[in-house]
Amino acid sequence: ACLLVSGTTKHNIEVRGREGNNEPQLNDLAEAVAQVTGVPLPSQKLIFKGKSLREMGQPLSSFGIKHGCKVMMIGKRNSPEEEAELKILKDLEKSVDQTSKKLEKVDGELTGLKNGFLAKNLQAEALSKLDQRVKVAAEQFMKILEQMDAMSFPENFSDCRIKKKGLVKTVQACLAQCDKIEAGISDHIAKLQSKNLALSE
């Protein structure tokens with residue numbers, strides 16, 4: 001347990017190591033501080049014995065922090081306005097995640113088809129269904145991109161800017177994956193058609 005001093009407020013904080021890592025690290029402390037104070041990690045400055053703590057992956061003991069120590073935190077919570085925008089971004093992130101999982105499923109099923117897990121006469125129909133699912137996913141990703149495109153933040157909403165930038169990159173990567181899977185489906189359809197032609201000749 002540490003005593004956290006934030007402005008004039010004091011908090012007793014219990015920090016535990018994560019699973020598989022018994023010794024708590026600085027990021028475990030920072031996360032506990034975020035929960036107690038509402039100040040997000042990027043906005044925190046943790047100070048112990050006059051020194052600023054930065055190496056998030058280091059164990060607390062490496063800084064000399066032990067039970068009963070006093071740690072200071074300087075930082076401010078995001079404004080309610082920024083928190084509201086962050087919540088919208090987090091919801092968008094959730095739907096990106098869900099759509100991305102659906103896409104992975106399609107990719108897996110396509111691999112199964114390529115490996116001949118389905119009778120030839122059923123493959124064409126299965127492929128067109130997979131193609132439809134990829135198109136739906138791509139549409140959802142495009143909608144999310146448009147939504148983010150319409151969001152603009154004041155200069156000081158740095159958490160929102162960082163989150164949006166990362167999410168845009170993720171969505172772009174997902175769209176590239178959609179293209180790749182669609183190309184794979186077209187390729188497999190073409191192979192099936194050429195085989196059918198060869199059989200009918």
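Only this structure's heavy atoms are used, side chains among them; waters, hydrogens and symmetry mates stay out.
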* Asked: Is any side-chain N of the basic residue among Lys105 and Glu109 closer than 4.0 Å to the acidic one's carboxylate O?
  -> no

[X]: side chain to side chain contact (heavy atoms under 4.5 Å, CB included) partners, not counting sequence neighbours:
X      : value
Ile189 : Leu127, Ile185, Gln193
Gln123 : Leu113, Leu118, Lys120, His188, Leu192
Ser62  : Gln58, Pro59

For residues [X] and [Y], report the shortest heavy-atom separation together with the two atoms involved.
X      : Y      : result
Ser100 : Phe141 : N-CZ, 3.8 Å
Gly64  : Cys69  : O-SG, 4.0 Å
Ile181 : Leu110 : O-CD2, 3.9 Å
Gln44  : Val39  : NE2-O, 3.1 Å
Lys114 : Gly184 : CE-O, 4.1 Å
Ala138 : Leu175 : O-CD2, 3.7 Å

With a 4.5 Å cut-off on side-chain heavy-atom distances among I, L, V, M, F, W and Y, is there a chain of contacts connecting [X] to [Y]?
X      : Y      : result
Leu86  : Ile162 : no
Val134 : Val136 : no
Val96  : Met142 : yes

Counting C-beta onward and ignoring hydrogens, is there a side-chain heavy-atom pair between [X] and [Y] closer than 4.5 Å?
X      : Y      : answer
Leu26  : Leu60  : yes
Glu182 : Lys135 : yes
Leu46  : Ser52  : no

Measuring from atom [atom1] of [X] to atom [atom2] of [Y], what distance do you get when rounded to the nearest 0.5 angstrom?
X      : Y      : atom1 : atom2 : value
Leu92  : Lys90  : CG    : NZ    : 12.5 Å
Met148 : Lys165 : CE    : NZ    : 13.5 Å
Met73  : Leu29  : CE    : CG    : 10.0 Å
Glu139 : Thr99  : CD    : OG1   : 11.5 Å
Glu146 : Met151 : CD    : CE    : 14.5 Å

* Do any pairs count as a side chain to side chain donor-acceptor pair (under 3.5 Å) and have a residue in residues 147-160, sequence neighbours left out, and if so which ones? -> Asn78-Asp159

* **Any pair counted as side chain to side chain donor-acceptor pair (under 3.5 Å), so long as it reaches residues 168-178, sequence neighbours left out** => Asp107-Gln177

Examine distances only and state if a side-chain atom of [X] and a backbone atom of [Y] form a donor-acceptor pair shorter than 3.5 Å.
X      : Y      : answer
Arg161 : Phe153 : yes
Asn115 : Gly112 : no
Lys45  : Gly75  : no

* Structure fact -> The complete set of salt bridge (charged side-chain N to carboxylate O under 4.0 Å, His left out) pairs with one or both residues in residues 78-88, sequence neighbours excluded, reads Lys87-Asp91

* Asked: Could you walk me through whether Cys160 and Leu89 pass the side chain to side chain contact (heavy atoms under 4.5 Å, CB included) check?
  -> CA-CA 8 Å; Cys160 284; Leu89 284 168; 4.2 Å; yes

* Yes or no on side chain to side chain contact (heavy atoms under 4.5 Å, CB included) for Lys49 and Phe63, after CA distance, side-chain angles and deciding distance? -> CA-CA 10 Å; Lys49 291 188 174 170; Phe63 304 102; over 6 Å; no

* **Residue pair Lys94, Asp97: steps toward the side chain to side chain contact (heavy atoms under 4.5 Å, CB included) verdict** => CA-CA 5 Å; Lys94 258 188 211 155; Asp97 205 37; 5.5 Å; no

* Compute whether any side-chain donor of one residue and acceptor of the other, for Gln140 and Ser95, lie under 3.5 angstrom apart. => no

* Asked: Does the pair Lys163 and Leu167 meet the rule for a side chain to side chain contact (heavy atoms under 4.5 Å, CB included), with working shown?
  -> CA-CA 6 Å; Lys163 188 106 177 130; Leu167 200 49; 5.6 Å; no

